[in-house]
Colleague: 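The structure that follows is given in the form of structure tokens.
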Amino acid sequence: MAASEEPNAAASLHGSSSASQPLLSNPSPPPLLYPYPTIDDPPQSNPSESDPSQYLQISYNYGHRPFKDIPILVLFILFVLSSFGFGIFATFNRNINYSNLSSYYYDEKTSNCVTDSVFSSSPILVFLYSFSSSSSVLKSLIWTLVATLILSLPICFFLLLLLKHYTRQIVYASLPFFVLVPIFINVYWFIACTVNPTCSYNFPMVYRILVLIFMFLVIGVIVWIFIVNWHRIGLTISIIGVASDALSMNLGLLVVIPSMTLGLLIYYAPIVLFLVFARLNGKIVPHHHGSSGDYTCVWKQDKWVPAYYALAILTMLWSGAVMVEGQVYVISGTISQWYFSKEEDDTPRRSIRKSLRNAFGPSAGTVCLSGLLILVVRVVRAMVDSARQEDTPGVFKIILRCCVNTFLAAVDYLNKFTITFAAITGEAYCSSARMTYELLKRNLLSTVFVETISTRLLLGIAFVLSTIYAIVACAILRAVSHLGADTYLVAFAAWLLLIVILEFFIHVLDNVIETVYVCYAIDRDRGEVCKQDVHEVYVHLPISRNHRSSLVTTSLLV
């Protein structure tokens with residue numbers, strides 16, 4: 001759209017219009033298949049809170065981006081350098097006599113612990129020797145996991161193509177399996193355990209029947225969830241189709257995002273090694289038993305080792321959260337460049353490289369801050385969940401737990417699209433959170449739209465595909481090997497690996513859905529239509545009417 005038409009769009013968006021007018025009344029965009037939804041009582045924007053004109057130019061920032069949230073970036077670098085620095089010190093300062101602790105004894109002449117030349121077997125050798133008795137199972141497990149890892153890539157590409165071209169067919173074809181597969185597994189284990197004398201003896205019939213009934217109740221809950229959300233499946237199918245098309249136009253993400261995870265594992269390797277060597281920092285000292293008066297040789301660890309463990313583990317957790325948010329940033333930056341590009345059937349050149357450069361360059365502090373907030377939320381939520389399991393009733397604790405859960409929900413609410421907006425505009429974290437909230441509020445959109453059944457539907461498809469693959473793998477193993485009951489263990493390992501990979505693929509697709517949603521909100525705010533097919537689907541999203549309840553969230557941004 002030309003720059004001269006933007007004031008008209010702004011007037012139609014933020015001016016005082018009648019309640020029956022649509023949000024986008026500018027006639028310049030191409031005609032849509034469906035009109036934008038109207039509301040009965042549109043909220044009036046307060047000029048004192050925000051100036052709408054400052055958001056008219058929101059689009060992907062192709063220009064120079066200054067560094068944001070630098071203090072958090074410096075803090076993260078200090079954590080990493082400290083972990084590696086003390087880790088290197090721990091490696092060279094380790095005591096090589098730790099593994100021979102059992103060979104030390106107390107010498108009364110020198111009043112010290114001395115050693116003899118007795119050889120002690122290495123625990124690694126014992127660990128490897130324990131596998132020698134089950135080499136056939138280990139070999140079958142390794143080959144099955146390697147084959148699953150190799151086949152997972154074409155399976156993901158095949159699933160993406162199916163979701164792009166045959167979304168409705170693949171979804172409706174998978175829905176019966178969401179019920180049939182659990183029923184089959186439930187009946188199969190019941191019959192197999194009844195036939196097997198050992199299982200039948202160790203697991204009485206009464207308990208088997210109770211577990212069978214419980215599993216059928218769970219299956220009934222799954223059926224009830226589908227019945228309640230049946231009216232939303234059509235919109236969910238369209239959203240998944242749009243996201244699959246966007247991801248298929250940027251297939252490089254399916255290579256870059258796993259590569260980032262692999263890089264994180266390589267980054268973890270020396271820290272784990274440092275933790276192992278840090279445990280070897282100490283000395284063997286005599287210990288006096290007061291009751292018997294005897295002396296024994298014990299290991300005394302250096303006082304700084306526990307502090308280093310806390311530092312290194314915290315650095316690993318923060319780095320993992322940063323990598324997750326960095327992946328979201330790269331996905332958002334790449335998809336938003338595709339969305340705002342002028343080419344209909346082509347993607348911008350070097351879009352992934354530009355997103356990587358921004359994520360670990362000017363916006364590195366923003367990514368680190370987002371990762372830190374996510375880490376804090378996860379740790380606090382884990383503490384609340386662990387405290388809930390303790391039998392400590394009390395009104396104060398219940399109120400405190402509700403307040404903590406409300407605060408954590410508010411943080412999740414704000415953080416949902418913050419990194420996506422930062423990837424598009426290059427703004428700092430706090431600015432991105434505030435501008436994203438106001439952008440969605442002005443256009444009567446909500447961040448809770450992604451709580452549809454799209455993620456659960458995709459997870460169900462992944463579960464069905466993984467289960468079918470595990471059944472086929474189990475049949476092949478039973479035909480070509482003689483593992484006996486270990487066949488089910490190998491098949492379960494293959495199922496677990498494939499479903500983890502498919503869930504990672506679904507995580508990428510979910511991020512694409514959220515990015516397209518923010519881009520669609522920017523289009524609505526500007527009165528433009530960059531992707532006609534996206535507007536034809538996202539125009540049917542429900543309108544957010546509950547703005548008063550979000551005042552608490554707004555106060556957190558002030």
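For reference, positions follow the sequence shown, starting with 1. Since we're looking at a predicted model, the values are computed, not measured.
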Colleague: Applying the side chain to side chain contact (heavy atoms under 4.5 Å, CB included) criterion to Leu247, which one of Ile513, Leu163, Val512 satisfies it?
Modeller: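 Going through the options one by one, the only one that passes is Val512.
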
Colleague: If I take atom CD1 from residue Ile499 and atom CG from residue Leu459, how far apart are they, to the nearest 0.5 angstrom?
Modeller: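 It is 7.5 Å, given to the nearest 0.5 Å.
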
Colleague: So, for Ser332 and Ala423, which heavy atoms are closest and what is the spacing to 0.1 Å?
Modeller: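 Between these two residues, the closest heavy atoms are CB-CB, 3.8 Å.
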
Colleague: Check whether any side-chain N or O of Trp189 sits under 3.5 Å from a backbone N or O of Asn186 as a donor-acceptor pair, and report yes or no.
Modeller: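 Yes; at least one donor-acceptor contact below 3.5 Å.
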
Colleague: Would Tyr469 and Thr148 count as having a side-chain donor-acceptor pair, cut-off 3.5 Å?
Modeller: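 Yes, Thr148 and Tyr469 have a side-chain donor paired with an acceptor closer than 3.5 Å.
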
Colleague: Any sub-3.5 Å donor-acceptor pair from Ser248's side-chain atoms to Asp245's backbone N or O?
Modeller: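 Side chain of Ser248 to backbone of Asp245: a pair is present.
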
Colleague: I need the minimum non-hydrogen distance between Met316 and Tyr268, along with the two atoms involved.
Modeller: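 So the two residues come closest at O-OH, 2.5 Å.
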
Colleague: Establish, from distance only, whether the side-chain atoms of Glu325 and Ser370 form a donor-acceptor pair under 3.5 Å.
Modeller: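 Per modelled atom types, Glu325 and Ser370 side chains form a pair under 3.5 Å.
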
Colleague: Students often mix this up, so state it plainly: with edges at 30° and 60°, are the rings of Phe84 and Phe274 parallel, tilted or perpendicular?
Modeller: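 Because their plane-to-plane angle is over 60°, the rings of Phe84 and Phe274 count as perpendicular.
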
Colleague: Any donor-acceptor pair under 3.5 Å linking the side chain of Tyr308 with the backbone of Ser83?
Modeller: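 Yes; judged by distance alone, with no hydrogens or angles, the pair exists.
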
Colleague: Quick check for you: to the nearest 0.5 Å, what is the distance between Thr144 atom OG1 and Phe492 atom CZ?
Modeller: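 One finds 14.5 Å between OG1 of Thr144 and CZ of Phe492.
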
Colleague: Keeping the roles fixed (side chain from Ser82, backbone from Phe79), state whether a donor-acceptor pair exists under 3.5 Å.
Modeller: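 A pair under 3.5 Å: no.
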
Colleague: Which pair of heavy atoms, one from Leu275 and one from Ala312, lies closest together, and at what distance?
Modeller: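 The pair with the smallest heavy-atom distance is CD2-CB, 3.5 Å.
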
Colleague: Show the nearest heavy-atom pair for residues Leu145 and Leu497, with the distance to one decimal.
Modeller: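 Smallest interatomic distance, heavy atoms only, reads O-CD2, 3.5 Å.
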
Colleague: Give a yes or no answer on whether the side chain of Trp318 reaches the backbone of Cys368 with a donor-acceptor pair at less than 3.5 Å.
Modeller: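 Yes, the answer is positive, given that a donor and an acceptor are paired below the 3.5 Å cut-off.
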
